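Notes to accompany the following structure.
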Amino acid sequence: MKIAPSLLLALLTGTLSALAASGWQTDFAAAQTSAKKDSKAILLDFTGSDWCGWCIKMKKDSLDQKAFQEFADKKLVLVEVDFPNGKKQTEAVKKQNDDLQKKYNVEGYPTFVLVDGDGKELGRHVGYLKGGPSAFVEKIEGWTKAGAKK
């Protein structure tokens with residue numbers, strides 16, 4: 001089967017645009033650079049994206065909702081620290097994720113850790129959070145206000 005180069009380019013561009021539109025990235029070092037440049041905090045989502053029921057529910061109920069995405073676009077750099085069962089990852093991403101899990105002492109999923117551009121922890125939430133995106137945004141705003149007072 002032959003695919004026309006222009007069709008292939010359109011498919012790849014669409015796929016990359018969808019990934020970028022979600023706002024989540026997997027490169028922590030790049031996220032730190034971006035956070036420092038834009039004066040934003042980094043939200044680390046430690047997840048088992050393809051097997052953890054509470055992770056999947058949190059994503060559906062809060063992270064994928066427009067209210068959270070709009071807040072995140074303005075205030076956060078989003079990093080998915082994923083430990084999937086079936087999804088493919090590069091060895092570099094696997095190593096980075098293992099290192100981040102150890103650094104932030106994460107023992108369960110989902111765990112959300114808010115850090116500044118230098119990697120200093122500002123707040124954390126373990127488990128599913130009821131209340132949808134507004135409850136999650138309120139929690140994150142509380143962490144950033146507490147960090148600003150220090």
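The shown structure was predicted, so the numbers you read here are calculated from the model rather than taken from an experiment. For this chain, numbers begin at 1 and follow the sequence in order.
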Same cluster or not: [X] versus [Y], using hydrophobic residues (I, L, V, M, F, W, Y) connected whenever any side-chain heavy atoms lie under 4.5 Å apart?
X    : Y    : value
F83  : V93  : no
L43  : I56  : no
V81  : F28  : yes
L44  : L129 : no
Y128 : L78  : yes

Taking [Y]'s backbone N and O only, do any of them form a donor-acceptor pair with [X]'s side chain (distance below 3.5 Å, no angle check)?
X    : Y    : answer
E80  : F46  : no
K130 : A135 : no
Q32  : G117 : yes

Would you compute the distance between atom [atom1] of [X] and atom [atom2] of [Y] and round it to the nearest 0.5 angstrom?
X    : Y    : atom1 : atom2 : answer
D64  : W24  : CG    : CH2   : 9.0 Å
F136 : F112 : CZ    : CZ    : 4.5 Å
T90  : Q96  : OG1   : CD    : 8.5 Å
F68  : I140 : CZ    : CD1   : 4.5 Å
T26  : D82  : OG1   : CG    : 9.5 Å
W143 : E121 : CH2   : CD    : 8.5 Å

Could you verify whether a donor N or O on one side chain and an acceptor N or O on the other, from S49 and K87, lie under 3.5 Å apart?
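Yes, K87 and S49 have a side-chain donor paired with an acceptor closer than 3.5 Å.
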
Shortest non-hydrogen contact from [X] toward [Y]:
X    : Y    : result
C55  : P110 : SG-N, 3.5 Å
R124 : V106 : NH1-CG2, 4.2 Å
P84  : D50  : CA-OD1, 3.3 Å
L122 : V115 : CD1-C, 3.9 Å
V79  : A31  : CG2-CB, 3.3 Å
T47  : Y109 : N-CD2, 3.9 Å

Under 4.0 Å between a side-chain nitrogen and a carboxylate oxygen: does that hold for D98 and K94?
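No salt bridge links D98 with K94.
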
Could you tell me whether K120 and D116 make a salt bridge, using a distance below 4.0 angstrom between a side-chain N and a carboxylate O?
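Salt bridge flag = no for D116 with K120.
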
For E70, give me all partners under side chain to side chain contact (heavy atoms under 4.5 Å, CB included), at least two apart in sequence or on another chain.
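Checked E70 against side chain to side chain contact (heavy atoms under 4.5 Å, CB included); matches are K66.
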
Give a yes or no on whether Q89 atom CD has more than 12 heavy-atom contacts from other residues, nucleotides or ligands under 6.0 Å away.
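More than 12 within 6.0 Å, yes.
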
Is the shortest heavy-atom distance from the side chain of D45 to the side chain of L63 under 4.5 Å?
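In short, these two side chains touch, coming nearer than 4.5 Å.
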
Quick one: which of K95, K103, Q101 gives a side-chain contact (heavy atoms from CB on, under 4.5 Å) with D99?
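Looking at K95, K103, Q101, the match for D99 under the side-chain contact (heavy atoms from CB on, under 4.5 Å) is K95.
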
